[in-house]
Amino acid sequence: MLIFMKILLIIASVGLIAIVLLQKGKSAGLSGAISGGAEHLFGKQKARGLELFLSRATMGLAAAFFILSIVVAYVVKS
């Protein structure tokens with residue numbers, strides 16, 4: 001069971017790295033770093049298609065990674 005969870009953790013981490021690398025940058029340079037976050041926060045840019053899928057997949061894989069990390073750490077400790 002522990003080996004299975006470790007394998008799932010490795011798959012989730014590699015998948016998370018791949019999904020993050022597939023996403024394109026929102027803005028370039030220092031001016032994009034300042035204004036880009038505010039535009040994304042207040043919803044001026046709506047994600048559609050592939051961007052929406054990548055953002056949802058990132059959230060799902062990140063949640064799976066955190067949950068699996070906590071579970072594996074608890075099982076190893078026990």
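Heavy atoms only: backbone and side chains are in, while hydrogens, waters and symmetry mates are out.
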query: So how far is it from Gln23 CD to Thr58 OG1, rounded to the nearest 0.5 Å?
result: 4.0 Å
- prompt: Do Phe53 and Leu22 belong to the same hydrophobic cluster, where Ile, Leu, Val, Met, Phe, Trp and Tyr are linked whenever their side-chain heavy atoms lie under 4.5 Å apart, directly or via other members?
  reply: yes
message: For a 4.5 angstrom cut-off between non-hydrogen side-chain atoms, does Phe4 reach Leu8?
response: yes
message: As an exercise, state the distance from CG of Leu9 to CD1 of Ile70, rounded to the nearest 0.5 Å.
response: 11.0 Å
query: Do Glu51 and Lys24 touch side chain to side chain, with heavy atoms closer than 4.5 Å?
result: yes
message: Do Ile67 and Met5 sit in one hydrophobic cluster, given that two such residues count as connected whenever their side-chain heavy atoms are within less than 4.5 Å of each other, even indirectly?
response: yes
- prompt: For Phe65 and Ser13, which heavy atoms make the closest approach, and how far apart are they?
  reply: CE1-CB, 3.8 Å
- prompt: Taking ILVMFWY side chains as joined if any heavy atoms are under 4.5 angstrom apart, and letting links pass through other members, which residues group with Ile11?
  reply: Ile3, Ile7
- prompt: Knowing that exactly one of Ile17, Val14, Ile19 qualifies, which makes a side chain to side chain contact (heavy atoms under 4.5 Å, CB included) with Leu61?
  reply: Ile19
